[in-house]
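All remarks here apply to the structure that follows.
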Protein chains: 2
Amino acid sequence: MINKHSSLPLYTQVERYLTTEIKNGGYHSGDLIPSERELSEKFQISRMTVRQAINNLVNKGILYRERGKGTFVAAPKIGYQLKGIVSFSEDMRRRGLEPSTKVVSFKTISNPPEHILNKLACQDEKKVIQLERIRFANEEPVAIETAYLSYKLFANLSEEDTGGSIYDFVRKELKLEIHRAEQQIEAAIVGEKDGFLLDISPGSPVLIVNRTTYLSNGVPFETVKTVFRADRYHFSIEMKNEQEDDHVFSRD
Amino acid sequence: MINKHSSLPLYTQVERYLTTEIKNGGYHSGDLIPSERELSEKFQISRMTVRQAINNLVNKGILYRERGKGTFVAAPKIGYQLKGIVSFSEDMRRRGLEPSTKVVSFKTISNPPEHILNKLACQDEKKVIQLERIRFANEEPVAIETAYLSYKLFANLSEEDTGGSIYDFVRKELKLEIHRAEQQIEAAIVGEKDGFLLDISPGSPVLIVNRTTYLSNGVPFETVKTVFRADRYHFSIEMKNEQEDDHVFSRD
DNA sequence: AAGTGGTCTAGACCACAAC
DNA sequence: TTGTGGTCTAGACCACTTC
């Protein structure tokens, strides 16, 4: 079950062993799993390696520890969970819908509004790419999206690329890693133009998501405003309780 | 700068050393920080301990690594960031507003709707506590909140406790740890009753947040529906790119 | 070739929980 | 007292990047 000559790290193999046991019913919610020392002896690997595996599963919310007692299986998560940052297309597919896209406009803008430059941290260049798209699910319009992309990074983005996922372009063409996104979500009444494009009547509610997305070096590469039909879209997220820095002091 | 006899773990001290250096301008965005081996020698601690400190800062988005190159300072985060799960009161205070609360009703319900029991995972008991509150910021109504609490856990919750934060009760009275929350966010037009309580006109948009919150053992303790005035509230979150399990296979 | 982060070992002592 | 997770050590070899 653990292969020391695999290219897969040992701790990843231990993670898979544990998650498989949980899935297949070997361990249930609230169960105590074998101690770190037991597992390290069972697999003939060091305790630190077992800890690395367990740490990862604790961070994922699959296990939890109690000091002095042991490590336990957490209750399974319920419902649809949005893991990480996904593109519109992937989001729709996970909901069982078929996504499609219509590009409304695609152009380079030389003097965009200050707040766009601020969000993209490119005040030096004063040049961004603007991309407007209508997003469909099962042929029905669901959202109007206006994206501003850093010109530095996307100078080679072609019109053909705009029909698909910008995130795929970042990962596959630019070979960069997407790390985090800051989002602001608000509710509003649809404007006249958006209402027409979304095929909803005046006075209908919409969900507006403003997202700025960052690479792992902390550089923002896109800031996007998306207007969703409220009757066709809700936003699902999972939040973790990242605790603040603790206020402990030295006693020496 | 590092105290081996402190009660504070060494890796926490290294974390603080690095974040302080970054804050005070010792290192800037994109800068290469000293290598793990350099730091371990400088502080006369082992490399694994330095790694634990750096891992934590990488997870927080403060540093990032590049294999073969080194560890770098990430660009600072912009804007208001909601760290972790906060109560309404704390959320408002962070926005510079003074929160207050009016309890509309507080009662035990014996046969609540099935979906409430499912979310609280207490089908066995068929008994929950219902708490309806109006939430104010600077004396103005901002949200209508309907919370369902697990009876098992909150049997001792008194009417006086309901004016404040349920999360404080969980942490201080129950001495339990809040771990994660699943949330669904949607937009809608305000209903008649809520519109009256929120003092907004018919047809106004509202942001509806449905939240279920879990302890670290995976047990849900509350499920809450909150209706916010769209003109007074937007929801801010940060998402991280938790990557899926990689599809690597053994070559042996 | 030299330096970096990624993985791993075989121990150690500590604080805490349960008995 | 025994067993648990929490912290820490002093090494090791690997894959990768840069020169």
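Keep in mind the model is a prediction, meaning the values are calculated, not measured.
- One atom, CG of A:L57, and another, P of D:dG5, lie 14 Å apart when rounded to the nearest Å.
- Salt bridge status for A:E159 with A:K107: absent, with no side-chain N to carboxylate O gap under 4.0 Å.
- Under 4.0 Å is where a charged nitrogen must lie from a carboxylate oxygen, and between A:R47 and A:E38 no such pair does.
- Nucleotide D:dA10 holds its P atom 12 Å from the CD atom of B:E41, rounded to whole Å.
- Contact annotation: the side chain of A:K152 never approaches that of A:K127 to less than 4.5 Å [non-hydrogen atoms, C-beta and beyond].
- With C:dT4, C:dA15, D:dA10 as the candidates, the nucleotide lying closest to the side chain of B:S46 is D:dA10.
- Atom CZ of B:R47 and atom C1' of D:dA10 are 12 Å apart (whole Å).
- Along DNA chain D, the nucleotide nearest to B:K69 and the one nearest to A:R51 differ in position, and the one closer to the 5' end is contacted by A:R51.
- Note: CZ (B:R67) to C1' (D:dC13) measures 13 Å, nearest angstrom.
- Among the atoms of the strands shown, none is found under 4.0 Å from any heavy atom of A:I54.
- In summary, the aromatic rings of B:Y17 and B:F43 are positioned with their centroids under 6.0 Å apart.
- A salt bridge links A:E182 to A:R180: at least one charged side-chain nitrogen sits closer than 4.0 Å to a carboxylate oxygen.
- In this entry the distance linking NE2 of B:H5 with C1' of D:dC8 reads 14 Å, nearest Å.
- If you measure from atom CD1 of A:I33 to atom C1' of D:dG5, you get 11 Å, rounded to the nearest angstrom.
- When distances are taken from the side chain of B:Q52 to each of D:dT7, D:dG6, C:dT7, the shortest belongs to D:dT7.
- At least one donor-acceptor pair closer than 3.5 Å links the side chain of A:Q13 to the backbone N or O of A:N3.
- Among the nucleotides D:dC13, D:dG6, D:dT7, the one closest to the side chain of A:E36 is D:dG6.
- Taking for each of B:M48 and B:E38 the nucleotide of DNA chain C with the nearest heavy atom, the 5'-most of the two is the partner of B:E38.
- Relative to the side chain of B:R65, the nucleotides D:dG5, C:dG6, C:dT4 differ in distance, and C:dG6 lies closest.
- OP1 and OP2 of D:dG3 both lie 4.0 Å or more from every side-chain N or O belonging to A:S35.
- Side-chain proximity of B:P9 to C:dC8, D:dG5, D:dC8: nearest is D:dC8.
- For the pair B:I166 and B:L131, the minimum side-chain heavy-atom distance is below 4.5 Å.
- Rounded to whole angstrom, the span from the OH atom of A:Y64 across to the C1' atom of D:dG6 amounts to 18 Å.
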**Report entry** A:F235 and B:F235: CA distance, side-chain angles, deciding distance, ring pair (Phe, Tyr, Trp, His ring centres under 6.0 Å) verdict
**Finding:** CA-CA 11 Å; A:F235 193 86; B:F235 194 87; 8.3 Å; no

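- OP1 or OP2 of C:dT7 sits under 4.0 Å from a side-chain N or O of A:Y11.
- In this structure, the helix from C:dA1-D:dT18 to C:dA18-D:dT1 shows an angle of 0° between the axis at its start and the axis at its end, each fitted on 5 base pairs and rounded to 10°.
- The distance from atom CZ of A:R37 to atom C1' of C:dG11 is 11 Å, rounded to the nearest whole Å.
- For D:dT7, the OP1/OP2 oxygens have no side-chain nitrogen or oxygen of B:T49 closer than 4.0 Å.
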